[in-house]
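First the proteins, then the strands, lettered A, B, ... as listed; each starts at 1. Keep in mind that this is a model prediction, so the values were computed, not measured.
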Amino acid sequence: MAESVSAQTPSLSEQYHLEKEVKPVEVQAEEVEAKEDSPPEEAVEDKSESPASTEVTSEEAPAAATEEENTTEDVAEETPDEIKLETAPADFRFPTTNQTRHCFTRYIEYHRCVAAKGDDAPECDKFSKFYRSLCPGEWVDRWNEQRENGTFPGPL
Amino acid sequence: MIVLKWLFLTISPCDAAEPWQLGFQDAATPIMQGIIDLHHDIFFFLILILVFVLWILVRALWHFHYKENAIPQRIVHGTTIEILWTIFPSLILMFIAIPSFALLYSMDEVVVDPAITIKAIGHQWYWTYEYSDYNSSDEQSLTFDSYMIPEEDLELGQLRLLEVDNRVVVPAKTHLRIIVTSADVLHSWAVPSLGVKCDAVPGRLNQISILVQREGVYYGQCSEICGTNHAFMPIVVEAVSRKDYGSWVSNQLIPQTGEA
């Protein structure tokens, strides 16, 4: 892992190097803008809850930005790895610096969703992404163990 | 022109501690720029007050030396001057407080949803970074430890006590959420150029929002005493373009998906 990181991260001079190839990016940016208009509309229609729709529209914006970089990658490499820049949104229930309860709440919400709707329900995927983004892996592992043992200290 | 461009591009900003450094490191986030501007505002009043106080002190020592002026005066009251030296400091404090509170409250604003969440977990005596936005299961897909490079392993040009083996790669000009915590004792994740210092408390997740405005490499050090190697667990943040960040993440994730 260490070797792959040092081999892939560009040096400072590579980062600062200004390339002349600005035009291809602009052309594909126009194409992506046309695509960008339709997905947010569809997404807004699909979601009925208003906080969810704001989440989706804010998620769509970074996703569209990465679609732009993915189309340039397609031209360059022909291996589109879609890295979506989206994560758990800011939750107004937890406005302060201390996000411990935010992580815990998302974990509980996911497991309640799974208990209510079954293991493979797609609605629960959202919650699983949120708690995985926020909670350290060690905490998640410990809680999973506690759930298996029946000693989880939370309202599941 | 080309020579100027070459000169400009090879002069690097100060994003790491330098020997005998007196001032701030160069700002790379709006927060740090705000802190530096506030410092300049306060420093102006500070110099005014300093010069005034020193002037009064020196003048008193000079003119009222016991050999020059043997008879001391016995002044007890002076209503006007007492009012003045209460009002003027209050005014100065108000001029200092206005930009200070403006910065303080703007630092707390969480307006924009972050694009990425990165977890920085402090251990004795290294940092672990988890990029869990790409997990499809509870298995951590992108996590790595970041140890200091010991002095004997440094290459020419590297910074002593500041370099690490695996840097925190982040995309520039993107809103980031960094969650800082600890696995054992108190640590503190601090990067002066980014204007960030956040305590890593075991059992608690502290969130900071940053927006790195320029690409570059930013150095910081652990800022809460955590044992014998507290001075030897630095932090290095490398801000790259979004495209480079995307390809870095894909390259890190590929071995995992290959194994899975």
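Under the 4.5 Å side-chain criterion, counting only non-hydrogen atoms from C-beta, B:D113 is not in contact with A:E86.
More than 12 heavy-atom neighbours from other residues, nucleotides or ligands sit within 6.0 angstrom of CD on A:E123. Within a 6.0 Å radius of CZ in A:R147, other residues, nucleotides and ligands contribute more than 12 heavy atoms. Atom CD of B:E139 has 12 or fewer heavy atoms from other residues, nucleotides or ligands within 6.0 Å.
Between chain B and the residues A:S133, A:C103, A:C135, the largest count of heavy-atom pairs under 4.5 Å involves A:S133. Considering only heavy-atom pairs separated by less than 4.5 Å from chain B, the leading option among A:N98, A:V140, A:D125, A:T96 is A:N98.
For A:S128, no part sits under 4.5 Å from any heavy atom of chain B, backbone or side chain. Of the two parts of A:F94, neither the backbone nor the side chain holds a non-hydrogen atom closer than 4.5 Å to a non-hydrogen atom of chain B. Both the backbone and the side chain of B:I116 come within less than 4.5 Å of a heavy atom in chain A. Only the side chain of A:N144 comes within less than 4.5 Å of a heavy atom of chain B; its backbone N, CA, C and O stay farther away.
How far CG of A:L85 is from CG of B:D133: 8.5 Å, rounded to the nearest 0.5 Å. Separating the OH atom in A:Y131 from the OG atom in B:S132 is a distance of 10.5 Å, to the nearest 0.5 Å. Taking CD of A:Q99 as the start and CD1 of B:I208 as the end, the distance is 11.5 Å to the nearest 0.5 Å.
Pairing each heavy atom of A:L134 with each of B:K119, the nearest pair is O-CD, 3.6 Å. The two atoms that bring A:A90 and B:P114 nearest to each other are N-CD, 4.3 Å, heavy atoms only.
Without hydrogens or angle criteria, A:R132 side chain to B:S137 main chain gives a donor-acceptor distance under 3.5 Å.
At a heavy-atom cut-off of under 4.5 Å, chain A is reached by B:G203, B:R204, B:L205, B:N206, B:Q207 from residues 199-207 of chain B, listed in order of number.
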Q: Test A:T87 against B:R177 for side-chain contact (heavy atoms from CB on, under 4.5 Å), laying out the working first.
A: CA-CA 9 Å; A:T87 187; B:R177 174 205 269 136; 4.1 Å; yes
